[in-house]
Structures are given as C-alpha cells and as structure tokens.
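Data block below; observations after.
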Amino acid sequence: MPLRPLEIKKYSILPGFGLTMGFTLMYMGFLVVLPLSTVFIQTAGIDWTQFWNIVAAPRLVASYKLSFGAAFIAALINTIFGLLVAWVLVRYSFPGKRVIDGLIDLPFALPTAVAGITLTTLYAPHGWLGKYFTFLALKAAFTPLGVVIALTFIGLPFVVRMVQPVLETLDQEREEAAASLGADRLQTFTKVIFPELLPALLAGFALAFARALGEYGSVVFISGNMPMRTEITPLLIMTKLEQFDYAGANAIASVMLIVSFMLLLLVNILQWWSINRHTDH
Amino acid sequence: MSDHIALRPGAAPVTNTVATTEPPLIRWLLIGIALGFLGLMLIVPLIAVFTKALEAGMALYLRAILDPAALAAVRLTLLTVAVAIPLNTIFGLAAAWAIAKFEFKGKNLLITLIDLPFAVSPVIAGLIFVSLFGVKGLLGPWLAAQGLKIIFAPPGIILATVFVTFPFVARELIPLMHSLGTVEEEAALILGASGWKTFWHITLPNIKWGLLYGVILTSARAAGEFGAVSVVSGHIRGLTNTLPLHVEILYNEYQFVAAFAVASLLTLMAVITLVAKSIVEWKVQQQLEEAQKK
Amino acid sequence: MSIEIRNINKQFGSFTALKDINLKISTGELVALLGPSGSGKTTLLRIIAGLEVANQGCILFNGEDATSRNVQQRHVGFVFQHYALFRHMTVSENIAFGLKVRPRHTRPSAKEIQAKVQQLLDLIKLEGLANRYPTQLSGGQRQRVALARALAVEPQVLLLDEPFGALDAKVRKELRRWLRRLHDELHVTSVFVTHDQEEALDVADRIVILNDGQIEQMGTPEEVYEHPKSSFVYDFLGNVNLFHGRIHQGRVSIGSIELDVPEYADAVDKQAVSYVRPYNIEIEREAQGQEFIPARILFIRSVGPIVHLELKREDTGDLVEAELSKERYQALQLKAGENVFVKPKDLKIFIHEDYCI
C-alpha cells in the first residue's frame, strides 16, 4: 500500500493521530486490502490462455453485453429523469415535496432482494404494471427490458443527489444576468445553467452506471437468468462459485474490479475537474 | 461512491424571481412528469410490498413472520447487525478523527480506499471471503485442519456484512467533522483538558447526530445485504439464513405471501431509515447554522 | 432614454418594500439610489430592470409604458453586485453573450461581434485578458468585465446594483472615478444603488434618498447635503452630533444654553432635536458668551490635516464629536483631559414629530 509516508503536513496540537491512523490502516488492511487482493492472487494462479478462455467465453460475452448495455441505458434514463427530478425539487414548490424528497433514497435503503421480488411481481405478465406491457405485446419481466427496469430503480438516487446540491447553490444572479442580456429561458438553461451542472450529471451517471454493473439482488429475480439471453455478469461469478471454480470466479471478478476502479477514478477526476476548471488554462 | 444515502444539510430554499422561473404551464408539466416517474418507480413498488404481504389476510401474514425459520433468520440478522455496528463505529470514529482533523499526504487516496466497498459488486464482496476462507481458498486447508468453519457459517456472513457496511459511519463523520473544524478541540486542550476528555466532552456532542445517522445506515444495510451474504451463506435454513436470504428462499418456493410478509418487515426498516434521515438532516442543519452564527 | 416611475408599490408577503414611489430620471443622467439596507433601493432598481414585478404602478421608458415588458424586452444593462459573470466562459465570451443569444435575423456576424468585444476590452482596459476566466481576475477587473458585458448590447439604460460594494477601499475609489468618466463619455442614462453616502455624493448627478420604502428626498449632492429635508437625511449623510432639547416660541434650549430659531417661532413647548456637523463645533478655552457649553476633551486623533476630538458635555454628559483644522488645534494647544467650551454653529432643528431614529 503506497500509504507509508503518512507524515502530518501541518503541525497540530490535537493528539491521537498515530493511534487513530494506525487503527484505521490496520482495520482496512485486514478487512479490505487483504481480501480484495485475493482476487488477483487467485487469478494469477492461471495462465493467460486459461484466463482468456474464461473471460471471453461466449456465455460471458453475452453477459457483458447485457450488463454493460442495460447498465448504460438505465444510467442514461436516470440521468435524464434525475436532472428533471432535481430541478423540480429545487426550483418548484408543490404539495408533498418534503416527502417526495425523502423518498428519493428508497432504492438505497430498501434491501435489494425486496426490490427484486417486488419489481418481478409488478412487471410479471399479469402484474400491476406488466399487464400494460402485455397489452403492447411486450414482455418486461424475464427479458433484458426487465433488467433495465431493475437497474433504473436501484440507480435512481445518484443523479438526483449529485445535481441537487449544485442546483441549490447555483447563483441565480447569473440567470438574471443572462435574461437582462436578452437570453430567453431555454438559452439561459442551455448556455448558463447546463454547463454548471455538467460535472455533477456526468459523475451521477458514472455512479449509477457503476452501481448497475455490480448489482445482483434486484436483477436475479426479474431477469429469469436464461443463459446467453438474460444472465448478468455477477450471476456468472455466482455460478462459477457454486461449481467451486474459484479461479474462474476470480478471473471474472478481476475484470469487473478493474472496470469499477476505472469508473471510481473517473468520478474522482470529474469531481476534481468541477472544482478546478476555469481556474487554469 | 455508492449506494450511500448522504445527508444533505444546509439546503437553502431557492427563491424564484420573474426572470428565473418558467411559465406555470411548463412548470406544472415538468412537475407532472417528475412525479409520474417517481410514482411509477418508487411509490407503486412500496405499495405493492404491503399489498402483497397482506393479500391473504393477517393470520397468514403473522404465521409467515412467526415461522421458526423466519425467527431464526431474524436472530442471525440481529447478531450480524450487533457485530457490525460496534466494529464499524469504532473504525468510523478513528478514521474520521485522523482524516478530518489532520492534514497528511495520501489523504485523498485513503478516502478513496474507504469508498471501495461501495464500488465493488456485492457478489465480489462475498467472493473475496470465499477465496480466502473457503474449502479451496488461500486459508481454507489451514482452517479445515483447525476444525474452523467460516464460509457457509455465521462468521462468514458477519465478515461479508462488516465489509459492505464499513464505510457508512466514516463517510458520515468525515465531512461533518471537517466542517466543524478543530478550533473547539484546540481551545479545550489549551484549557488543560486531556485528549480523551476533549474527545468525550467536545467532539462527541458535536458529532452525535451524524454518528447516529451513520449507525442507522450501517444497521439498515447490515440487515438488508443480499448479494454478498448470499455468496458466503450456503443457504442452510435455520442456520445461515438472514432475512433477505429467507425472502429469496420463500419466493423461489412460490410462497409469495410469506415472502412478501418477511419483505414487508425489511421495507418497514427502510422507511424508518428514510424518516430518521430527514430528522437527522434537520438536526445537523440546525447545528451547522448555529456554528455559523457563532 | 428617460425613465419615469409612477406610483410604484411592492410587497413581499406582508412586508412592504416600496410605498408609492414617483421618480423621473432624464436622459443621460447619473442617479444614485441611496439608503440603508432594507430601504427598498435594490428592489426599485430590479423593478426598473424587469427582474421584479411591482404590485402597483407603472414604469415608462421615453414616455412609453414599459410595465408589461419582461426583462429580455426592456434592453437595459444590469450590473450585479457580485458581478454574476458566467464562470465557464472567458472574458470575451462573457462580453459577447448578449449579442450571441440574439435571434438569427438580428444577430451581428461573428466578425462584428469580435470587433465589438475588442472595442469594449479597450474601453475597460483589459485587452490582454480576453481569454482569462472570471476566477482568474481581481475584483476590480471582474467589475469592469460585468460592465462591458452589460454595455455590449448597447442598452439605453444602465442599472448598477451596489457596483463597488464588494471591492476594497482603494480600488473602490479608483473605479468610481472611472465610472464617472465613462458616463461622461457615453452619456447612457444610469442608475446605481449604494448604501455609501460618500460614493453617492462623489459620483452622482442626482441623489434619491430612500428610507423604509419611501423617498425621503431627492436632489443634487449639494442640495441634499446642505439642505436636508428630514432628520433621517441629515443623519444619514455624514457624521453628526445630536442635541436633544425643547423648543418654545422661537427659542430652543439645549442643556445649559438657549439659541434663537426664528423658523419655529410658533412652536409651543415641543421636544426638539438639533443636528450639528462635527466641523461646525467651535472650541474655545474660555466661554465667549452665553452660547458656549462647558465640555471635557476625552480623546484626540490628530492624524492628517483635520483633527478629530471627542468631548463630553459637562452639563448633560452627552458625547460631542468635533473637527478642527491643524492650525486651529495647534493654536489652542489642546490635550486630552482638559476642560474647554464648545459652541454649536449652523444647527439644523427638527421638532419631535418628525424625528425618529
């Protein structure tokens, strides 16, 4: 861990740095870093050809397509509606606003298994909502569409919660300035407000996407888990484990971990960018 | 990153003036679309859980909840929560103290590492413990020789749960302690208080609401975790089943009413978490406003 | 362009921000709206701009009713207190914004916009900083960019909300002189809001003093300073000493002295308050007549050409502020703690009904 040179940069009279930092590093070392590194240790036990055969197997490639595709569509839906919801919650007043605002976090608070069985029941061919899909000659549950619905549900709060604080602190004088210079409301939104929201929107998108990629509980019920058609990548890790194929499970996990880390890095870069842009050339 | 319900105190109401709002028609159209989306995505599922649970009457509902297997699942879930809370609270306090009160190199990297469990798929969170302690895991043969069983046993469930919930308290406390600064602690130390006394009498009262919220989130997630626990559990009924796993089993056995009855308990817990969030958010905002007035 | 404001009333909930405001501003004038915070001055400016809608009354531009025009249609230049520059646009993009958002058929060509931006950059003397972002500029530079952005659309009215409020003292003085010169060059009808009486007296052709949502007085800087119509105006414009007393048939008694006030000849035993500017307090070592009050020097600040003294009246115990020239101070050889005599000159007296602070 490249954290060894943990010198205090600024002198402080507060005590306890050594103790708390020591405990923090030890705890995280045993609980996070050591277990996570087993993924790569186990994966290192197989050679490249084996690795490639596992992670590029047709069944897996199909699962990548579904996981990435559905996660991308769900994150996109959540970006559009998240912006709308954040806007409505910050800018307008209407009855029940406080309750609605509190309810946004439901997908975070609700256990994923509960979300999974509920959505499946709702969108099943004869379910409350599924019957409308049936009417349109569509099937929601047990199809990729169902996966998108579940992933939209669990990713719903991200964009809202990223955009909301930015909108709240946005200086309305800038909008007034734009109006006094003759810009209509749409021009003010696209040229003045939207650029200010863009980093938060992108970060929210990336978070929703990352969460959707790894999601398991809410999807396994609604997807139907049909090989080549509705299997998500985390499910295939599970399948390999059930066959005691640790190397295979870890090989897939390492691919997913690398993607997650890259997304995490992207979010951090976006946040850094939103703080520091416009200060340098 | 993550499925983390962050507090959002300090949200000032935005006042609209003539130049910064839309015509009423557009306003109500946007509100309508937003509420329609939220109603469909959030409110309908919420209603559905309780409707399905009570569909067959109160007697069946109670029977499902009071079933011995369900009660065993409640016990294991409570045990998991009881272990995860103290461990992660102590970690959260220590990490927040070190990170929020001191400046050091590598701080951002450390914060990112704390966020890691959020970025990791729950299935992978379970997998890492199986890879470490399972029969074919790195430490598996050694554990078997000692006669210890972690995977497919309660210790594995507890470990996986502690892993997925460990950032919650720290993530609540770091920004809160950072915004409160170090001035009050420095004043106490100058007045002669010891380090522990300063923490106990100055820091802790200031962060109590944030800490409480962190604990609520930790317990909600610990009780509700599915993916990670599912990997390490082995689904042994009455022995390694937590509430969410019990829901899954009932559902897969087509006992829908029972599944939704148990699910309604977990949903109730989620709703309580959301209410607690609103209350704590309000308390923290008050506290920050007072701090600003000083 | 001339501006006429007729019977403007504005309420925010139960709070009345403006009460029956009537005001005419002629073409090319530079008018200051002066008042304490909460006096309604910014609200009035925002109503002129169309950023706020009055509950009653109308606004006329060049004699034409502009009340129902929205902010986009009013074509006014507005400079915000905190500049409200667009953070994600460079200086030149900020300045060009008002021209770029015009509908295609009235929008100047890219070349014309470029030329206009260049011309404005010359005017605000920031030619070298065209590609900087607002966060890379100093407060004074941002203020000038905000002004250039407002001028780019060639408004016939320029409205400025506390234009120097966020700047430090030195930059503030420089910038207000510059604004005055700019106004003399461009002759755009301009209205600016300020709470700083010195700023208003220094820059404006005419000052409108607002208090509690009403106009207290308007006039040239000399008029309002020399002939304040109310105790509020007297108090608001510059340092002042208050002497409480009673007025009866043309004589006012203030502590131990009595003075003639012919303008209140028919007042009968009324409470009165008299105002005297610190430079109108005369100081002598010996009483030179009935109108001198014994006082003790508490404090002397003798930095610069004017010497400031703080005295305590022996008769009532009230504090009195006085200003002397350096020469006079040296001739008297005053020291803190000494007993002297003071005489108020040029008293401005208001009887109690219209005194409320």
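Chain letters run A, B, ... following the sequence lines, proteins first, then strands; residues in each count from 1. Values in this document were obtained by computation on a predicted structure and should not be read as measured data.
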Backbone of A:Y246 reached by a side-chain donor or acceptor of B:K136 within 3.5 Å: no
Answer with side chain, backbone, both or neither: which region of A:I104 has an atom nearer than 4.5 Å to a non-hydrogen atom of chain B? both
When you look at NZ of A:K97, are more than 12 heavy atoms from neighbouring residues, nucleotides or ligands closer to it than 6.0 Å? yes
Side-chain heavy-atom pair A:I117, B:F256 within 4.5 angstrom cut-off: no
Worked check of side chain to side chain contact (heavy atoms under 4.5 Å, CB included) between B:M41 and A:T152: CA-CA 8 Å; B:M41 294 304 294; A:T152 305; 3.9 Å; yes
Against chain A, label B:V262 side chain, backbone, both or neither, depending on which of its atoms sit under 4.5 Å from a heavy atom there. neither
Test side chain to side chain contact (heavy atoms under 4.5 Å, CB included) applied to A:Y27 and B:F166, step by step: CA-CA 10 Å; A:Y27 192 84; B:F166 97 88; 4.2 Å; yes
Of all heavy-atom pairs between B:P122 and A:G214, which one has the smallest distance, and what is that distance? CD-O, 3.4 Å
Atom of A:T20, atom of B:A98 and distance for their closest heavy-atom approach: OG1-CB, 3.4 Å
Would you mind checking which part of A:A113 comes under 4.5 Å of any heavy atom in chain B, side chain (CB onward), backbone (N, CA, C, O), both or neither? both
Which pair of non-hydrogen atoms, one from A:P15 and one from B:G195, has the smallest distance, and what is that distance? CG-CA, 3.7 Å
Residue part contacting chain A, namely of B:T242, when any heavy atom lies under 4.5 Å: neither
Considering only heavy atoms and a distance below 4.5 Å, find which of B:V247, B:L266, B:L127 pairs most often with chain A. B:L127
Heavy-atom pair of closest approach, residues A:A253 and B:I124: O-CD1, 3.8 Å
Using the ring of each side chain (for Trp, its six-membered ring), is A:F81 parallel, tilted or perpendicular to B:F37, with breaks at 30° and 60°? parallel
Quick check for you: to the nearest 0.5 Å, what is the distance between B:L38 atom CG and A:L156 atom CG? 6.0 Å
Are the side chains of B:F260 and A:T121 in contact, using a 4.5 Å heavy-atom criterion? yes
Heavy-atom cut-off 4.5 Å, strictly under: side chain, backbone, both or neither for B:L42 against chain A? both
Are the side chains of A:L213 and B:S121 in touch, meaning some heavy atoms are under 4.5 Å apart? no
In terms of heavy-atom pairs under 4.5 Å with chain A, which of B:V162, B:I26, B:I190 leads? B:V162
For chain A, which candidate among B:T182, B:I31, B:L189, B:V135 shows the most heavy-atom pairs at distances under 4.5 Å? B:I31
If we only count heavy atoms from C-beta on, is the B:R221 to A:F108 side-chain gap below 4.5 Å? no
In terms of heavy-atom pairs under 4.5 Å with chain B, which of A:N250, A:L241, A:I237 leads? A:N250
A:I100 portion near chain B, given a 4.5 angstrom heavy-atom threshold: side chain
As a test of understanding, state which of A:I41, A:V39, A:T38 forms a side chain to side chain contact (heavy atoms under 4.5 Å, CB included) with B:L132. A:T38
Student check: side-chain heavy atoms of B:V123 and A:L235 closer than 4.5 Å: no
Of all of A:E215, A:M256, A:R185, which one pairs up most often with chain B through heavy atoms under 4.5 Å apart? A:R185
Tell me if the OH atom of A:Y132 is crowded by more than 12 foreign heavy atoms within 6.0 Å. no
Pairs of heavy atoms under 4.5 Å with chain A: top-ranked of B:L35, B:L159, B:L30, B:T112: B:L30
Close side-chain approach of A:F221 and B:E248, heavy atoms under 4.5 Å: yes
Hey, what do you get for CD1 (B:I128) to CZ (A:F40), rounding to the nearest 0.5 Å? 11.0 Å
Pair A:M21, B:L110 - check side chain to side chain contact (heavy atoms under 4.5 Å, CB included), show working. CA-CA 10 Å; A:M21 183 54 84; B:L110 190 58; 3.9 Å; yes
Less than 4.5 Å to any heavy atom of chain A: does that hold for the side chain of B:F91, its backbone, both, or neither? both
Could you tell me whether a side-chain N or O of B:E186 sits under 3.5 Å from a main-chain N or O of A:I13, the two making a donor and an acceptor? no
Least distance between heavy atoms, A:L122 atom then B:P45 atom: CD1-CA, 3.7 Å
Pick one of side chain, backbone, both or neither for B:F199, based on which atoms fall under 4.5 Å of a heavy atom in chain A. neither
Side chain to side chain contact (heavy atoms under 4.5 Å, CB included) assessment of A:F23 paired with B:L93: CA-CA 10 Å; A:F23 180 74; B:L93 283 169; over 6 Å; no
Portion of B:V275 that has a non-hydrogen atom of chain A nearer than 4.5 angstrom: neither
Among A:V32, A:L265, A:T188, A:L19, which residue has the highest count of heavy-atom pairs closer than 4.5 Å to chain B? A:V32
Hey, could you give me the CZ/CD distance between A:R91 and B:E22, rounded to the nearest 0.5 Å? 7.5 Å
If you compare all heavy atoms of A:L84 against all heavy atoms of B:A34, which two are closest, and at what distance to 0.1 Å? CD2-N, 3.8 Å
Do A:T112 and B:E225 have side chains that approach each other closer than 4.5 Å (heavy atoms only, starting at C-beta)? no
Less than 4.5 Å apart, any side-chain heavy atom of A:L36 and any of B:L116? yes
Comparing B:I90, B:I43, B:V130, B:V49 against chain A, the one with the most heavy-atom pairs below 4.5 Å turns out to be B:V130
If one checks every heavy atom of B:S230 against chain A at 4.5 Å, the contacting part turns out to be both
Answer with side chain, backbone, both or neither: which region of A:F189 has an atom nearer than 4.5 Å to a non-hydrogen atom of chain B? neither
Can you tell me which portion of A:L103 sits under 4.5 Å from chain B's heavy atoms? Options are side chain, backbone, both or neither. both
Kindly compute the distance separating CZ (A:F17) from CH2 (B:W97), expressed to the nearest 0.5 Å. 12.5 Å
Max heavy-atom pairs within cutoff under 4.5 Å with chain A, candidates B:L87, B:I99, B:L243, goes to B:L87
So which part of A:P157 gets closer than 4.5 Å to some heavy atom of chain B, the side chain, the backbone, both or neither? neither
Proximal component of B:F163, with respect to chain A [non-hydrogen, under 4.5 Å]: both
